[in-house]
Amino acid sequence: MCGIITYIGNQNALPRLVDGLRRLEYRGYDSAGVALLTKDGLWVRKAVGRVEALSPELIDPPETTIGIAHTRWATHGGVTEPNAHPHIDTDGNIAVVHNGIIENMDALKKQLEGEGVVFRSETDTEILPHLMNYFYRGDPLKAFTTALKQVRGTYGCAAIFKEHPDRIFVARNGSPLVIGLGEGETVVASDPQAIVAHTRRVVYLEDREIAVVTRDGVDVMRLDGTAVETSVELIDGDYGVADRRGFPHFMLKEIHEQPESIERCLRGRLDLNQGNARLGGLNMSPRDLIGVNRVINVACGTAYHAGMVGAQAIEAMARVPARAEVASEYRYRHPIVHPDTLFFAVSQSGETADTKGAVEEILLKGGQMMGVVNVVGSTIARTCGRGTYIHAGPEVSVASTKAFTSQVTGLLLFTLMLARTKNLSVIEGQEVAKNLQALPGLVQRYLANPGPIDDAVERLIHARYALFLGRGLSFPVALEGALKLKEVAYVPCEAYPAGEMKHGPIAMIDEETPVVAIVPNDSQREKALSNLKEVEARGAKLIIIHTEGDKELEELATVSLPIPACPWYCSPIISVLPLQLLAYRAGVALGRDIDKPRNLAKSVTVE
Ligand code: AGP
């Protein structure tokens with residue numbers, strides 16, 4: 001996904017902009033560029049590829065304390081240097097960087113070409129500097145806002161004007177922007193990751209707001225010019241600066257960080273005495289909870305899989321109907337929203353467009369909306385207004401790992417709260433609370449001895465096709481395992497409920513087909529075992545994730561991956577671990593770009 005970083009302050013802008021671009025790299029992109037404002041005008045350099053590819057262009061840069069920079073994830077127009085941002089107007093007066101999509105691009109482009117403007121790129125973004133220049137009569141703020149009022153679509157954008165080197169103009173409508181207030185410097189970025197190195201004091205722009213940014217601070221107003229009362233917030237202490245801590249890839253670091261991240265998610269939220277959980281951010285009393293008669297989790301990708309686990313746990317433990325919905329489907333299905341339904345938007349980034357759209361639709365229909373979010377202050381978290389942060393810390397690798405286990409942990413905490421108001425006794429609740437508290441230790445224990453992962457990798461990396469199977473809570477884990485293997489190692493595979501595999505997919509099984517099965521020692525074990533025997537009879541090579549000590553499964557497996565015993569509701573958090581490692585090591589074996597896989601973005605902020 002595109003990334004924006006701007007700097008205005010008392011230090012040299014370029015190194016700070018390049019550092020900011022590097023901190024945004026994990027979002028996924030295909031080109032990058034910077035624009036500096038000097039006494040001689042705009043100095044613009046861009047390049048296709050990673051930020052490293054930009055470095056050779058940054059020879060003999062001018063010293064200046066104001067600039068903007070961008071990483072582009074192509075939406076309109078190919079991956080070319082002319083299409084990279086920043087874009088400037090014909091006269092070289094204004095430079096702009098932009099995230100989002102200008103839906104009325106064609107009409108505006110035609111209007112500008114009629115005024116003699118010659119476009120140099122295929123992008124929608126290039127419209128902005130030309131439009132601003134068209135309206136510029138000496139007042140940059142007026143030109144900036146007038147131009148944006150012509151635009152239909154989404155933007156997070158920043159502009160610098162040659163004749164006004166003391167200000168940067170930023171605006172937001174659908175693409176996030178965070179303003180970091182430092183000492184004598186102000187940094188604006190697409191997400192807090194690029195700001196925490198400078199300051200933790202931030203102002204979050206809302207949709208249809210603009211800001212005039214100077215080295216001393218920020219002046220926020222609405223697009224119609226009315227003033228906005230800003231509140232300075234502090235980025236959460238846990239939301240540290242992501243660093244690899246000596247690991248070769250962020251993905252591996254984040255896999256091994258899970259004992260810590262789960263512990264942070266649990267911290268202060270378990271009441272062992274009452275056998276209950278406390279999620280203050282939900283702002284729901286037991287009286288409120290007892291009125292909840294349905295739960296719906298909306299999310300995308302890995303977060304959707306976490307939502308599936310949460311829904312099954314809620315239904316099984318609290319005996320309340322619950323389900324997970326794919327956000328991009330749910331938002332356009334004209335959903336029926338009941339007042340006694342509690343909705344959770346599950347999202348690591350808190351910026352996923354489809355999840356955000358589902359949240360807005362549910363709120364518009366009067367639904368009770370909560371967030372289960374990692375990035376503090378993100379759009380979904382603020383739009384929901386209530387919910388729980390999972391405190392996983394920055395998740396940099398595009399492939400989500402620690403966010404998944406912390407999303408599930410957060411939903412299990414809610415499950416316990418709801419179940420205790422419904423049908424769980426204090427003794428039963430104490431048992432659940434104790435088992436949740438033990439999760440970080442169990443995760444640590446598995447990661448310390450993960451078993452013959454490489455044997456499984458050997459059987460998967462050259463497979464023409466692989467099938468992941470699971471029943472009950474292990475089915476969303478199978479989905480998650482298949483997604484990880486696809487997105488990190490690009491291995492063709494799919495996941496199916498084990499009992500469903502006979503209704504078609506079994507036709508895909510031939511000699512040597514690897515089948516990855518998640519079969520913990522739960523109520524579905526016997527059924528899953530018979531499914532495995534069906535595929536084994538047809539030549540499949542079984543990679544089985546099973547509870548340690550399960551000799552029958554160990555003998556049936558071609559590759560046996562034992563995991564520590566745990567209660568049924570904890571098993572998804574443990575059984576996903578070998579699948580994360582499997583995908584990681586397969587990606588390494590195949591020489592993939594582990595933290596930034598092809599075509600993927602960390603936060604999909606466009607539909
Ligand atoms: C998972 O590894 C992917 N990165 C992707 O499926 C991701 O989970 C999905 O895009 C949702 O992102 P979110 O949690 O930030 O909303």
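Each ligand, and each atom within it, is numbered from 1 in the order the structure gives. Worth knowing before you read on, the calculation uses all heavy atoms, side chains too, and leaves out hydrogens, waters and symmetry mates.
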Atoms of ligand 1 close to Ala399 [distance to a heavy atom under 4.0 angstrom, numbered from 1]
2 (O)
At a 4.0 Å threshold, what atoms of ligand 1 neighbour a non-hydrogen atom of Lys484?
1 (C), 2 (O)
Nearest-contact summary for atom 14 (O) of ligand 1 - protein heavy atom, Å
Gln348 N, 2.7 Å
Give the table of side-chain donor-acceptor pairs shorter than 3.5 Å for residues 476-488, with sequence neighbours excluded, one pair per line with atom names and distance.
unit_1 : atom_1 : unit_2 : atom_2 : d
Glu480 : OE1    : Thr302 : OG1    : 2.9
Glu480 : OE1    : His305 : ND1    : 2.8
Glu480 : OE2    : Thr302 : OG1    : 3.0
Glu480 : OE2    : Lys484 : NZ     : 2.6
Lys484 : NZ     : Thr302 : OG1    : 3.1
Lys484 : NZ     : Ser400 : O      : 3.1
Lys484 : NZ     : Glu487 : OE2    : 2.9

State the atoms of ligand 1, each with its element, that fall below the 4.0 Å cut-off from a heavy-atom position in Ser400.
1 (C), 2 (O)
Applying side chain to side chain contact (heavy atoms under 4.5 Å, CB included), name anything that partners Arg585, two or more places apart in sequence or on another chain.
Pro450, Ile453, Asp454, Val457
So, are Asp19 and Arg23 salt-bridged, with charged N and O less than 4.0 Å apart?
yes
Check this for me: does any side-chain nitrogen of one of Lys253 and Glu395 sit under 4.0 Å from a carboxylate oxygen of the other?
no
Heavy atom of the protein closest to atom 16 (O) of ligand 1 (residue, atom name, distance)
Thr352 OG1, 2.5 Å
Intermediate values then yes/no, ring pair (Phe, Tyr, Trp, His ring centres under 6.0 Å), Phe475 and Tyr496:
CA-CA 7 Å; Phe475 171 49; Tyr496 250 81; 7.7 Å; no
Provide, to 0.1 Å, the distance between atom 2 (O) of ligand 1 and the closest protein heavy atom, together with that atom's residue and name.
Glu487 OE2, 2.4 Å
Show the atoms of ligand 1 that are less than 4.0 angstrom away from any heavy atom in Val398.
2 (O), 3 (C), 4 (N)
Can you tell me which residue and heavy atom of the protein come closest to atom 7 (C) of ligand 1, and the distance to 0.1 Å?
Thr302 N, 4.1 Å
Report the nearest protein non-hydrogen atom to atom 11 (C) of ligand 1: residue, atom name, distance rounded to 0.1 Å.
Cys300 O, 3.4 Å
I'd like the name of whichever of Gly301, Ala299, Ser349 reaches closest to atom 15 (O) of ligand 1 through any heavy atom.
Ser349
Looking at Arg323 and Glu325, is any side-chain nitrogen of the basic one under 4.0 Å from a carboxylate oxygen of the acidic one?
yes
Six-ring centre of Tyr155, Arg172 cation under 6.0 angstrom, axis tolerance 45°:
no
Identify, by atom number and element, the atoms of ligand 1 in contact range of Ala303, meaning under 4.0 Å from any of its heavy atoms.
8 (O), 14 (O)
Does atom CZ (Arg208) have a neighbourhood of more than 12 heavy atoms from anything else shown, all under 6.0 Å?
no
Minimum-distance protein heavy atom relative to atom 10 (O) of ligand 1
Val604 CG2, 4.1 Å
